[in-house]
Amino acid sequence: LAMFVAMVVAMSITFGLVFVFVGLLLIVPTFSLIDAMTGVERQRAQWVGRSIEARPHRAHTGGWWRAMTTAMSDPERWRQAGFVVSFLLVAPILCALAVVPWVLVLVALLGVLGDLGGADVLDVLFALGLLGLAPRISISVARLSSTFVAWFLGPDPTVELAGRVEQLA
């Protein structure tokens with residue numbers, strides 16, 4: 001979360017000062033930070049067995065002016081920036097969906113352990129059922145997150161299909 005906050009601050013400062021020389025100099029580092037953050041998210045998707053290739057984007061070549069105009073005109077970099085901004089909203093929801101079952105397990109187990117003499121059979125069964133269900137829910141949320149990441153950051157299916165058509169022709 002701290003990386004995302006740092007990125008939003010960097011983007012805000014950069015684009016708030018875009019017409020000032022200092023703001024123009026911060027465009028390339030901001031997009032480099034975004035690129036690093038999206039790389040982290042692609043690596044996280046591998047934790048659940050999903051490999052997401054990076055979309056190709058234009059390289060920063062030449063002087064600072066050329067690198068800045070290349071970064072500003074690259075639609076894939078803007079797609080990455082859109083991902084980071086949207087993930088600021090989606091990530092807390094996904095985190096809550098993954099953590100709430102574990103909190104319920106903890107509450108149920110503490111409730112059962114707190115009533116050592118009078119633990120109800122239904123409470124014990126509920127705690128055991130949640131203990132078996134919580135990991136499955138967390139893995140499902142992680143897969144959902146990797147699907148979201150792949151949609152934003154993965155290869156464009158239309159480009160893949162165009163390449164296959166050229167190959168067949």
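Please read all numbers here as calculations on a predicted model, not as lab measurements.
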Spell out, yes or no, whether L89 and V8 are grouped together once hydrophobic residues are joined by side-chain heavy atoms under 4.5 Å, including indirect joins. no
Hydrophobic clusters here meaning ILVMFWY residues chained together by side-chain heavy-atom distances under 4.5 Å, can you tell me if W47 and F148 are in one? no
Tell me the closest heavy-atom pair linking I52 and G154, and the distance in Å. CG2-CA, 3.5 Å
The reported gap from CD in E76 to CG in D35 (rounded to nearest 0.5 angstrom) is 11.0 Å
Do F152 and V90 share a hydrophobic cluster (ILVMFWY, side-chain heavy atoms under 4.5 Å, transitive)? yes
Does I139 share a hydrophobic cluster with V105, counting links as ILVMFWY side-chain heavy atoms below 4.5 Å and allowing steps through other members? no
Polar side chain donor-acceptor pair, R44 to S146, under 3.5 angstrom: no
So which atom in M7 and which in L33 form the shortest heavy-atom distance, rounded to 0.1 Å? CA-CD2, 3.8 Å
Exercise: identify the closest heavy-atom pair between P101 and A98: CD-O, 3.6 Å
Rounded distance (nearest 0.5 Å) linking atom CZ of R136 with atom CG of L133: 7.5 Å
If you round to the nearest 0.5 Å, how far is OG of S32 from CZ of R77? 6.5 Å
Spacing of L131 atom CG and L106 atom CG [to the nearest 0.5 Å]: 11.0 Å
Is there side-chain contact between L97 and I137, with heavy atoms separated by less than 4.5 Å? no
Compare all side-chain heavy atoms of L153 with those of E53 and state whether any distance is below 4.5 angstrom. no
Please confirm whether W78 and F31 have ring centers closer than 6.0 angstrom. yes
Note: M11 and I34 closest approach over all heavy atoms is SD-CD1, 3.8 Å
Just wondering, do W151 and F83 contact through their side chains at under 4.5 Å, heavy atoms? no
Quick one, F87 and S145 - any side-chain contact, counting heavy atoms below 4.5 Å? yes
